[in-house]
Amino acid sequence: MTRLRLLMVVAGLAAVVGVALAYTTPPEALQRTYARIVNIHVPSMWLAFLAFAVTAAGSIGWRITRNRSWDRLAGGSAEIGVLFTIIGLVTGMIWGRPVWGVFFDWGDARMASTAVLLLVYLAYLALRRTTIDPEVRAARASILGIVAVIQVPLVYFSVNLFRTLHQTQSFRPDGSTMHPTMVRALLVNLAAFTLLYLALLSARMLVARLEDAAAAREMAAAAGGAVLPPNLTGAVDG
Amino acid sequence: MSVLVQLEEVGVTIDLTPIIDRVSLEVSEGDCLAILGPNGVGKTTLLRLIATLITPSSGRGRVLGAALGSRAVLAVRDRIGLAGHFPALAGPLTLAENLRLVARLTGRGDGSVGAALDLVGLAGAADRTADQCSHGMRRRADLARLFLHPPQLLLLDEPHAGLDASAAPIVAELVRRVRNAAGAAVLVSHDLTGVGHLAARRLWLDAGRLEPSE
Amino acid sequence: MSVLVQLEEVGVTIDLTPIIDRVSLEVSEGDCLAILGPNGVGKTTLLRLIATLITPSSGRGRVLGAALGSRAVLAVRDRIGLAGHFPALAGPLTLAENLRLVARLTGRGDGSVGAALDLVGLAGAADRTADQCSHGMRRRADLARLFLHPPQLLLLDEPHAGLDASAAPIVAELVRRVRNAAGAAVLVSHDLTGVGHLAARRLWLDAGRLEPSE
Amino acid sequence: MMFWRQAMTIAGHELLLERRAGETWSIIVPFAGAALIVVPMAIGTDLQLISRIAWPLYWAMVLLFGMQIAWRHSASERTPVREVMILLGVDPAARFVGRVLANALLMTVFMVGVGLLSLLLYSPVSSPGFGRFALVVLLFAAGLAQLSTMAADLTLGIGARAALAPLLVAPLAMPLLIGAAQSTASVTRTGVILPWLLMLVLADLILAVVGLLTARALEEAAI
Amino acid sequence: MMFWRQAMTIAGHELLLERRAGETWSIIVPFAGAALIVVPMAIGTDLQLISRIAWPLYWAMVLLFGMQIAWRHSASERTPVREVMILLGVDPAARFVGRVLANALLMTVFMVGVGLLSLLLYSPVSSPGFGRFALVVLLFAAGLAQLSTMAADLTLGIGARAALAPLLVAPLAMPLLIGAAQSTASVTRTGVILPWLLMLVLADLILAVVGLLTARALEEAAI
Ligand code: HEM
Ligand SMILES: Nc1ncnc2c1ncn2[C@@H]1O[C@H](COP(=O)(O)OP(=O)(O)OP(=O)(O)O)[C@@H](O)[C@H]1O
Ligand SMILES: Nc1ncnc2c1ncn2[C@@H]1O[C@H](COP(=O)(O)OP(=O)(O)OP(=O)(O)O)[C@@H](O)[C@H]1O
Ligand SMILES: [Mg+2]
Ligand SMILES: [Mg+2]
């Protein structure tokens, strides 16, 4: 509990520093202050990728060990991944309006593939929600959790496959195309988001463990008493 | 003593297949008739005919005064109660919700639902959905419906199938209540176990024809 | 004599509801075990557990040598035969077509279908669709499937439900064949009628626990 | 007022069933999530084209998918349950009214949901005000519910039901479709929408009369 | 070759069931009869507009309705029948292949039928030759059949299945949709269709590998 609190505090502090750093970067020539949104947009998407990778890892872990905690890890991480994807998508839309003149464009490979990514993981969460039995839920979700992660590289490389509005990766083996102060701010924000992810994930794990324990207690209460001796003297009226 | 069911040389053909051939029978107030016969002989079909759910393709019949195949049956249907091979329950609804529908449609209060479930030993399972119940529990809930809205003409298709020993008295009690209230019961089964001691009369259905039993 | 089924303190929980609680039992080659118990006690659930269709949530079990809940069950499933409350027939297909599927999937010729239907007294109904058959006829066709592809471990849930007197020997013959071929049978019912004289041993299931009967 | 009590009970029952089984929800969600994304994906980058066909496409989709609400699987007409209903002596007209009410409500919710999403994703050229849109949706849903409930009864127990019922509904729903499409579109053309609204109301009334008169015959025929 | 015998037997069984119950037929007929008439009705007299969106609309519709073939009611997965299948020791991969074959065949027939009707009713601006069209349909159907058969297994027994399954299929089918739409459309633009065809083939292959690898796990999870 205290470790979780500490993690939260550190993540919060890192976020404050990140925002402050974002405003130390010079405003971009064409986009003015809008360019600063990159400090939320990019870390969110990267953390979403990481979260979905953890979901896949958790799914593989469950398939090997059949240990429930792997399933909890997969499910919890997917929830946070969806949250970060939504943040990335929304910040992208806010950014796109002044820069490209549209909120959203179905023709842009990255936007479309990110929307698809979001939908698949929403479906993943829906599948978890609609399957009551924990064993069946873990079994089904693990399959989808492993298969769905294929999309992460697809989204990442979509800009290279189809040249459209969205810009290509700025960090490449042959060097960065960004201003150094921007890189610094971005890296700090990335660290802040990673801490935030870890904090949220531990909190979610804790809740999931408590939920499972509560379900187990309720289970014991539900046992027995379904069929009783008939009460043939009863009168039915009304 | 008035006649509740009267069939005269009734025949039934479904999808061009003749299933029942010139059957005649009579059921009067207070009566309890057992119709026996082997698998596939037409017992269920005959029972559904009496329930006005199938119209005869030949012959004439009257049920609760209404001629079979006429509009008059619409007015007597609410006095006919049928429980068949498959319990009439909506799977996603709880047992209580299923019965509450019956109570409301027949102008009763919701209060009678609990009593009916208690009668068949399902007071503890009222909040389970029908899909979550065992086969025998669903059969019991189907009988509870007939306690809730007691018919004048009670039609039971293999009433004991799927029920354990402690549930047999439920069927007996249901038949007793209907007979006492100036009604009648027709029970269908392939053997005498269970229905034998309930029935005052027995008929044997064979190759689509009825014969007195024994 | 080898052990075909061995359950050790097995528990089953479905949709968070505990249904079976620490059940232990053993079935050996040539054995015929009857599991008895009232409605809703978990007989069907226990049978489906032995059939590897449900995995235990606690305890350990082996069926035909494969540990329950492990991948190994995939290899032994074709030696398990189950007939449950509801016949496993596709409604729009004829009885012959339904059985032909089983014959082909298990590498048999279509010729065996006629013989199996004849065994259960349905030779005349081979070309009727399952939807057109009576309930008892469908139950018989379900047994025909087990004659067609005889299992080593035979699991019957209320084998006599819906069957007339002339069909009881069919169940007995099925059990006899399986036992003679170094197999074993587990029969489930709520009373001894029918299964009593077939079973060498009886267990009584109550509140999710097993006890020796009588 | 046994009639209205029975009708309301049936409507409540249908809605409860729907809440449990969630089948309409199950048409809304895939529709919203899939259809609305699939169409622009297929059409590609031609945003202007998409926004031009947005309203007509909306009404066409809503008609095609909406009618299926009436013969969804969870509707309480599994044979044994239906037969019990019949043997309880429920007035066929009350049963009809109850089911139409439930279906109309579900269809309205469905249409509003899909409508909001199309607005967001398609940005149609002209949007009628919310009040007008709501009115048209209600009238359209009322007519469609009656028509498809009748079709559901007429095709009950027929194997190829899912085939037959839309064939019955689609042509007869043309007045509804044209009325609705014109009521939402014509603000851009002539601005005269009253005749189209009246046409919708008239279609609804005719359907109601036909539905009540045939309810009993349909129930008998459906055995 | 027990594997192929089992797969072919299952495929034959599914097709026989379909012939009896006629459910795909029941999607083709209402679709052809209703959708294709409803859309132009709603759009009105703007024939040019209709013919411009004809192909994209075709692929969108075929995706949305075609996938439902995989979870049609007559598919042999009613619990007792499915369980017997499992207890006969049928290889899950063979069961998967058999069902995919049957579904792909049904989807192909469905698509060709709808395609011919769209051609007739919409007169699309550019028609790819019959050979190309047939190739694209086959590749599309193969991918869609695999994807939706997997989704059907994953959502088996879930009440809101009809909702969930399209939600799973639609986004993952985007490569198929884009590939097919581009392969039939691009003759008017650049004329380069080979990359799009290759994308379809690639998607089919990836799906086949994933399908075969997960078949066993899916069967386990579906109980
Ligand atoms: C809804 C609209 C948008 C979506 C769905 C979206 C999606 C994504 C995704 C998934 C990434 C991470 C992949 C990567 O790092 O290469 C990303 C990165 C990025 N996005 Fe966006 N984006 C959107 C709008 C925008 C807009 C409007 C801009 C600015 C004009 C923008 C600029 C960037 C930049 C600079 C990166 C970092 C690329 C890198 O340095 O590697 N995005 N976006
Ligand atoms: N999905 C489920 N959720 C909750 N409870 C369930 C579920 N499935 C079964 N049960 C409960 O498990 C118990 C045992 O069911 P089962 O079908 O095994 O009984 P049974 O002994 O075969 O009874 P019967 O003699 O009536 O066939 C019942 O009380 C039933 O309500
Ligand atoms: N739609 C139909 N088309 C053709 N034959 C039918 C149809 N429905 C029922 N039958 C036939 O009618 C006969 C009687 O069926 P019914 O269900 O009445 O038998 P039953 O006496 O109740 O048998 P059981 O004891 O098995 O329940 C059967 O032989 C059956 O095959
Ligand atoms: Mg019968
Ligand atoms: Mg049982």
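Just so it is clear: chains get the letters A, B, ... in the order the sequence lines come, proteins before strands, and each one is counted from 1. Only heavy atoms go into these numbers, but all of them, side chains included; no hydrogens, no water, no symmetry mates.
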For E/Met8, look at atom CE and say whether over 12 heavy atoms of other residues, nucleotides or ligands are found less than 6.0 Å away.
no
I need the A/Ile150 CD1 to E/Ile206 CD1 distance, nearest 0.5 Å.
6.5 Å
With the side chain counted from C-beta on, respond yes when E/Leu154 and A/Leu144 share a heavy-atom pair under 4.5 Å apart, and no when they do not.
yes
Shortest non-hydrogen separation from A/Leu119 to E/Pro171 and the atoms involved:
CB-CG, 3.9 Å
Using non-hydrogen atoms and a 4.5 Å limit, figure out which bit of A/Glu135 sits close to chain E: side chain, backbone, both or neither.
neither
Worked verdict on E/Met150 versus A/Ile143 for side chain to side chain contact (heavy atoms under 4.5 Å, CB included)
CA-CA 10 Å; E/Met150 277 186 258; A/Ile143 296 169; over 6 Å; no
Please flag which part of A/Val120 lies under 4.5 Å from any non-hydrogen atom of chain E: side chain, backbone, both or neither.
both
Can you name the closest pair of heavy atoms from E/Leu168 and A/Ala123 and give their distance?
CD2-CB, 3.6 Å
Pairwise side-chain contact, A/Arg140 with E/Asp153, heavy-atom cut-off 4.5 Å (strictly under):
no
